[in-house]
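One structure is given here, and the rest of the page talks about it.
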Amino acid sequence: MRLAYYITDRQSCSLPILQQIQRAIEASVDLIQIREKDLATRPLLELASRALELAKGSRSSILINDRVDIALAGGLAGVQLGHHSVGTGPVRKRLGGVSLKIGASVHSLNEYLLAAAEGASFVTLGPIFATPSKSGYGPPLGLELLTTVCHCASIPVFALGGINLENYRSCLAAGAAGIAAIRLFQTPETLEKVVRGTHDFLPDC
């Protein structure tokens, strides 16, 4: 089974963000990353804690962007490290024996190999397709590179960037462990359809 990874963005969401998180949980999204970089520590911790409460008893795990301190204080499942964040290795060393999922954002095969060697639990690789939010990372990586990385992967690889209803299956067919997205999981018309299609995906034999 492949996994669905929702990344929050309350600025572009048509619903209050906790209501959208509740919808994602009810749709059986596997991972939910609280990615609200403009929030101060206290409201960010409160949002993460409320999301965690909503997720109790569900299949959804709550992660947070960059903030290892909040992940630990709030008892979250993990943290997603951005491209310009502290590296996976130092974070893993700081955690010691604490069990915390660490996701790393990577944009090349070499970055993937480094993240895996340093103890990342999984990576998001992107942008796979063109998307305005990832234009600063250069041209789209494409399905060929996604396939290459997935075929040598020792940890799960989530496809990220420009993923939509028409192309998400091609990412899964390339070997991705799942898909990560904002808009795809914040749009009522695609949320349940894509989660169900991701969970039920079977590669052609």
message: To check you understand the geometry: which heavy-atom pair defines the closest contact between K101 and S61, and what is its length?
response: NZ-OG, 3.8 Å

statement: Shortest non-hydrogen pair, C152 vs L109, comes out as SG-CD1, 3.6 Å

field: Joint hydrophobic cluster, L39 plus L72, side-chain heavy atoms closer than 4.5 Å
entry: yes

task: Decide, yes or no, whether a salt bridge links R94 with D69 under the criterion of side-chain N to carboxylate O below 4.0 Å.
output: no

field: Heavy-atom check, side chain of C171 versus side chain of F129, under 4.5 Å
entry: yes

- prompt: Can S12 and D9 be counted as having a side-chain donor-acceptor contact under 3.5 angstrom?
  reply: yes

Any donor-acceptor pair under 3.5 Å from T198 side chain to R2 backbone: no

query: Are E36 and T8 close enough that a side-chain donor and a side-chain acceptor fall under 3.5 Å?
result: yes

- request: Check the surroundings of atom CD in E192: do more than 12 heavy atoms from other residues, nucleotides or ligands lie under 6.0 Å from it?
  value: no

- prompt: Rounded to the nearest 0.5 Å, what separation is found between the NZ atom of K93 and the OG1 atom of T88?
  reply: 14.5 Å

Other residues, nucleotides, ligands: >12 heavy atoms within 6.0 Å of R10 CZ: yes

- request: Give the C-alpha distance, both sets of side-chain angles, the deciding distance and a yes or no for side chain to side chain contact (heavy atoms under 4.5 Å, CB included) between Q22 and I17.
  value: CA-CA 9 Å; Q22 178 68 61; I17 195 59; over 6 Å; no

- prompt: With sequence neighbours excluded, what pairs up with Y168 under the ring-ring contact (aromatic ring centres under 6.0 Å, His included) test?
  reply: none

query: Does V157 share a hydrophobic cluster with L145, counting links as ILVMFWY side-chain heavy atoms below 4.5 Å and allowing steps through other members?
result: yes

- prompt: How many angstroms lie between atom CG of L54 and atom CD of Q19, to the nearest 0.5 angstrom?
  reply: 11.0 Å

- prompt: Under 4.5 Å between any side-chain heavy atoms of I32 and I25, yes or no?
  reply: yes

task: State whether the side chain of E118 and the backbone N or O of G89 hold a donor-acceptor pair below 3.5 Å, judged by distance alone.
output: yes

- request: Determine whether V86 and L44 fall in the same hydrophobic cluster, where Ile, Leu, Val, Met, Phe, Trp and Tyr are linked whenever their side-chain heavy atoms lie under 4.5 Å apart.
  value: yes

field: Closest heavy-atom pair and its distance - L146, A159
entry: CD2-CB, 4.0 Å

message: Donor-acceptor pair, distance only, cut-off 3.5 Å: does the side chain of T187 make one with the backbone of E189?
response: no

task: Establish, from distance only, whether the side-chain atoms of R183 and T190 form a donor-acceptor pair under 3.5 Å.
output: no

- prompt: For A174 and L143, which heavy atoms make the closest approach, and how far apart are they?
  reply: CB-O, 4.4 Å

- request: Answer yes or no: is there a side-chain heavy-atom contact under 4.5 Å between L63 and Y5?
  value: yes

query: Restricting to pairs with a member in residues 170-204, which pass ring-ring contact (aromatic ring centres under 6.0 Å, His included), not counting sequence neighbours?
result: none

query: Short question: side chain of D200, backbone of G197 - any donor-acceptor pair under 3.5 Å?
result: no

field: Residue pair L47, L45: steps toward the side chain to side chain contact (heavy atoms under 4.5 Å, CB included) verdict
entry: CA-CA 5 Å; L47 174 59; L45 176 57; over 6 Å; no

- request: Taking the side chain as every heavy atom from C-beta outward, state whether V68 and L95 have any atom pair closer than 4.5 Å.
  value: yes

- prompt: Which is it for Q20 and L191 under the side chain to side chain contact (heavy atoms under 4.5 Å, CB included) test, yes or no, and what are the steps along the way?
  reply: CA-CA 10 Å; Q20 180 59 42; L191 172 59; 4.2 Å; yes

task: For D30, check salt bridge (Lys or Arg N to Asp or Glu O under 4.0 Å) against everything at least two apart and list the hits.
output: R59

Single-linkage hydrophobic cluster I179~L202, side-chain heavy atoms < 4.5 angstrom: no

query: When you look at CD of E144, are more than 12 heavy atoms from neighbouring residues, nucleotides or ligands closer to it than 6.0 Å?
result: no

field: Trace of the side chain to side chain contact (heavy atoms under 4.5 Å, CB included) decision for Y112 with L125
entry: CA-CA 8 Å; Y112 163 78; L125 176 69; 5.7 Å; no

field: Result of checking D66, V91, N65 against S85 for side chain to side chain contact (heavy atoms under 4.5 Å, CB included)
entry: D66

query: Just checking, any donor-acceptor pair under 3.5 angstrom between side chains of Y6 and Q33?
result: no

- request: Would you confirm whether S60, through its side chain, and L31, through its main-chain N or O, come within 3.5 Å as a donor-acceptor pair?
  value: no

message: Quick one: does any side-chain atom of E111 pair with a main-chain N or O of H107 as donor and acceptor, under 3.5 Å?
response: yes

field: Residue among I7, I62, L52 satisfying side chain to side chain contact (heavy atoms under 4.5 Å, CB included) with I34
entry: I62

task: Enter the distance from R42:CZ to I70:CD1 here, rounded to the nearest 0.5 Å.
output: 11.0 Å

query: Which atoms form the tightest heavy-atom contact between P139 and P127, and what is the distance?
result: O-CG, 4.5 Å

query: Are any side-chain N or O atoms of N164 and backbone N or O atoms of N167, one a donor and one an acceptor, separated by less than 3.5 Å?
result: yes

- request: Find out whether R92 and S121 are in side-chain contact, i.e. whether some heavy atom of one side chain is under 4.5 Å from a heavy atom of the other.
  value: yes

- line: Shortest non-hydrogen pair, Q11 vs D38, comes out as NE2-OD2, 3.4 Å

query: In terms of hydrophobic clusters joined by side-chain contacts under 4.5 Å, are L165 and I163 together?
result: yes

